[in-house]
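Letters A, B, ... mirror the listed sequences (proteins, then strands); counts begin at 1.
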Protein chains: 2
Amino acid sequence: MGVFAGQGDPAWSMAMLWRPPSTGPARTGPGPKPALSLDAIVRAAIEVADRDGLAGLSMRAVGERLGRTAMALYTYVPGKEELLDLMYDGAHAELPGGYGPGEGWRAGIGRWAADLGAFYLRHPWTLQVSHSRPALGPHEQGVVENLVGILRETGLPATALRRIVGVLIHFVRGTAQTIAEARLAATATGVSDEEWWSARSAQLHQVVPDFNARFPMSAWLGEEGLREEGLREDGPGEKGLRESGLGEDGLRERAASGTGPDEGCDEDASVPYLEREARAMIETGLAVLLDGIEAATLRASRRARP
Amino acid sequence: MGVFAGQGDPAWSMAMLWRPPSTGPARTGPGPKPALSLDAIVRAAIEVADRDGLAGLSMRAVGERLGRTAMALYTYVPGKEELLDLMYDGAHAELPGGYGPGEGWRAGIGRWAADLGAFYLRHPWTLQVSHSRPALGPHEQGVVENLVGILRETGLPATALRRIVGVLIHFVRGTAQTIAEARLAATATGVSDEEWWSARSAQLHQVVPDFNARFPMSAWLGEEGLREEGLREDGPGEKGLRESGLGEDGLRERAASGTGPDEGCDEDASVPYLEREARAMIETGLAVLLDGIEAATLRASRRARP
DNA sequence: GGCATCCCTTTATGGGGTAAAGTATTAAGG
DNA sequence: CCTTAATACTTTACCCCATAAAGGGATGCC
């Protein structure tokens, strides 16, 4: 159950992250040929983290997966923290590029958010790695590059744009975290999310019988929300979802068609309740954000030529 | 460097989190009187985490602070995970309530966000505790309750509102995380953020000489951003900041006037560069979010009576 | 062949969470 | 007052972790 703050030796991490690709096995001179490689180690570590989470990520586990001892890794990596830096950026390599202009920034952001969200769900451990660490790699930078490319269409000034970039990244990360933890709870306890949440809800009302009195707003939110869902009437604030390229199964499809070498993310046929809810949250939230960005854009152009 | 996924025994955590306050020392019967208490342990653990971060939080450390061994704690707490559940909610106890109506929802959300952000900065370790864990306590619930109370003024339907709640919480958390890590890097290396970032930037351009060619959008963002800041012209997208109650020093003031028993958060006189930047991000981001919420509200009322 | 070089293993150290067993302290019952 | 049983806390021990230090064995150059 370990997570890191991104310490270690940033200089080493930076150098390795940005080293020219496939710096060949140009090893000459005495001594045995290296059987491992930095890339192989990083790949193995990502696989371990995908399977067992960051809690299961130990130098022993990674070494074992490569048929070596834990100490063998230290020939290639100074320590675990630096390895995590490389894992984090390396995983991002599977994110697609090609957010060319022509689809409009609203749709572009929708696609970008769906891709990134699906990536987080394919590698939930990335959500536990603290963001905005010192060591920034090329693939993480690529995510930002893509988003900035899309957002430039809005014509917003750079200062505002940079901040919006932060907002969007935090938003997708946070939402993906909610989904990931729901999945984790579901698989850990062996019940479906729906059962799990209703059980927890029942327990809450048993432990706190006066919940509705102490938290009237939250109680209203829960009850009214259920009522609305029962009525199946589309509330407002839901607009712009299809427009943004995020249909009912947009995120889901992207999650299933992973580009990376991983085994996929054990999608089962039934769409879990909470996951649907969280996906709806990403859609609504994104719609809100997009409307806000649009408002800023309008204000900017109005100011430019009054 | 430990963080948790929120495992442990949720039933125990829930029971303790919601137990009636100050369940007295009604111990009768044989055996020595307990010298510790659950509250004292949680308080001590929070102090340790405030000082040394989650990395420095060990059962041994908490026990030592109370003049006991690590094992002594196990009389009161089943394990470290459960203790963390209690710490997390316990820290939230210092958040204020009283977001009465009358100031308007925009200003209300601004105040709510500033209070929550300042709280995160006073207890940065809370940002490493993964959110939306199984065990939800009364004080975390209070944060949601406050926000829902404010948002009900918008008249938005519950479904949309619940999702906006998630967006706002993720947003404040993410932003606070950025600030917190900037602080951490600054104190860890002993240099100011500004020096630290320029050093890192120089290193990046040394390691990656062709950065600007490979990441033209990001390069543009950086250069244009600097140019705009040099011009000191308020870009658009900045509107609504004062209106939302978030002045230049709004967050800062709140951070300094902590309500909890902690020592404050060693604010020094010079406002660090990156922190200013991050605060600006919270302001801009919030403005975008508020505009988006407003758009949803308008749409809702338009739909209600056409 | 000698030998320096380098990959990898073995062994060891210190720290973590916590199980198990031991010790001391108390109140109740005789 | 003495026994008994319950309880708070300590001691010890175990296993897992990251990693320092030292050793072993393969390899290519002289």
Side-chain angles (χ1 to χ4, degrees), chain A residues 1-9 12-13 25-41 44-45 48-49 52-87 125 128, chain B residues 1-9 12-13 25-41 44-45 48-49 52-87 125 128:
Chain A
M1 42 202 67
V3 175
F4 298 73
Q7 309 301 70
D9 183 358
W12 187 92
S13 293
R27 277 239 62 265
T28 174
K33 306 245 183 293
L36 268 44
S37 71
L38 192 51
D39 288 326
I41 290 173
V48 170
D52 303 330
L54 275 198
L57 180 73
S58 69
M59 298 300 268
R60 282 198 236 284
V62 177
E64 205 161 337
R65 185 173 186 93
L66 294 163
R68 299 294 130 97
T69 65
M71 290 310 290
L73 309 179
Y74 286 87
T75 309
Y76 303 86
V77 181
K80 195 182 178 185
E81 310 250 22
E82 289 85 355
L83 175 57
L84 195 72
D85 281 341
L86 267 55
M87 290 169 62
W125 54 270
Q128 285 174 261
Chain B
M1 47 201 59
V3 175
F4 298 72
Q7 309 301 72
D9 183 356
W12 187 93
S13 292
R27 278 240 59 267
T28 174
K33 307 240 182 296
L36 267 44
S37 72
L38 192 51
D39 287 327
I41 290 174
V48 169
D52 304 330
L54 275 198
L57 181 74
S58 68
M59 299 299 271
R60 286 171 169 83
V62 176
E64 203 161 339
R65 174 164 258 269
L66 294 164
R68 301 292 132 96
T69 65
M71 290 309 291
L73 309 179
Y74 285 87
T75 308
Y76 302 88
V77 181
K80 195 183 177 184
E81 310 250 22
E82 290 84 356
L83 175 57
L84 196 72
D85 281 341
L86 267 53
M87 290 171 61
W125 54 270
Q128 284 174 262

Please state how far atom [atom1] in [X] lies from atom [atom2] in [N], giving the value in whole angstrom units.
X: B/Leu83; N: C/dG16; atom1: CG; atom2: C1'; answer: 15 Å
X: B/Leu84; N: C/dG17; atom1: CG; atom2: P; answer: 11 Å
X: A/Ile41; N: C/dC8; atom1: CD1; atom2: P; answer: 8 Å
X: A/Leu57; N: D/dA18; atom1: CG; atom2: C1'; answer: 12 Å
X: B/Glu64; N: D/dC9; atom1: CD; atom2: C1'; answer: 16 Å
X: B/Lys80; N: C/dA19; atom1: NZ; atom2: C1'; answer: 17 Å
X: B/Tyr74; N: C/dA20; atom1: OH; atom2: P; answer: 13 Å

If you look at every heavy atom in [X] and [Y], which pair is closest and at what distance?
X: A/Val48; Y: A/Arg65; value: CG2-CD, 3.8 Å
X: B/Ala35; Y: B/Arg68; value: CB-NH1, 3.3 Å
X: A/Ala40; Y: A/Leu66; value: O-CD2, 4.2 Å
X: A/Ala44; Y: A/Val62; value: CB-CG1, 4.3 Å
X: A/Ala61; Y: A/Gly56; value: CB-O, 3.8 Å

key: N or O in side chain of B/Tyr76 less than 4.0 angstrom from D/dA8 OP1/OP2   = no
Is there any protein nitrogen or oxygen under 3.5 Å from a nitrogen or oxygen in nucleotides 26-29 of chain D, and what are the pairs?
| unit_1 | atom_1 | unit_2 | atom_2 | d |
| --- | --- | --- | --- | --- |
| D/dT27 | O2 | A/Gly31 | N | 2.8 |
| D/dG28 | OP1 | A/Lys33 | NZ | 2.8 |

ask   = Rounded to the nearest 0.5 Å, how far does CG of B/Leu38 lie from OG1 of B/Thr75?
value = 11.5 Å
Interatomic distance, B/Met59 atom CE to B/Thr69 atom OG1 [nearest 0.5 angstrom] = 10.0 Å
message = Using side chain to side chain contact (heavy atoms under 4.5 Å, CB included), reason through A/Leu84 and A/Leu57 one step at a time and then give a plain yes or no.
response = CA-CA 10 Å; A/Leu84 195 72; A/Leu57 180 73; 4.1 Å; yes
task = Ignoring hydrogens and angles, tell me if any N or O in the side chain of B/Gln128 forms a donor-acceptor pair with the backbone of B/Leu54 under 3.5 Å.
result =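 Side chain of B/Gln128 to backbone of B/Leu54, a donor-acceptor pair under 3.5 Å: no, none is there.
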Check: A/Tyr76 side chain, A/Leu36 main-chain N or O, donor-acceptor pair, under 3.5 Å = yes
Between protein and nucleotides 10-16 of chain D, what N or O pairs are separated by less than 3.5 Å?
| unit_1 | atom_1 | unit_2 | atom_2 | d |
| --- | --- | --- | --- | --- |
| D/dT10 | OP2 | B/Thr69 | N | 2.9 |
| D/dT10 | OP2 | B/Thr69 | OG1 | 2.8 |

The helix from C/dG1-D/dC30 to C/dG30-D/dC1: angle between end helix axes, five pairs per end, rounded to 10 degrees =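 Inter-axis angle at the ends, rounded: 30°.
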task = Could you please spell out the steps behind the side chain to side chain contact (heavy atoms under 4.5 Å, CB included) verdict for B/Leu86 and B/Trp12?
result = CA-CA 10 Å; B/Leu86 267 53; B/Trp12 187 93; 4.1 Å; yes
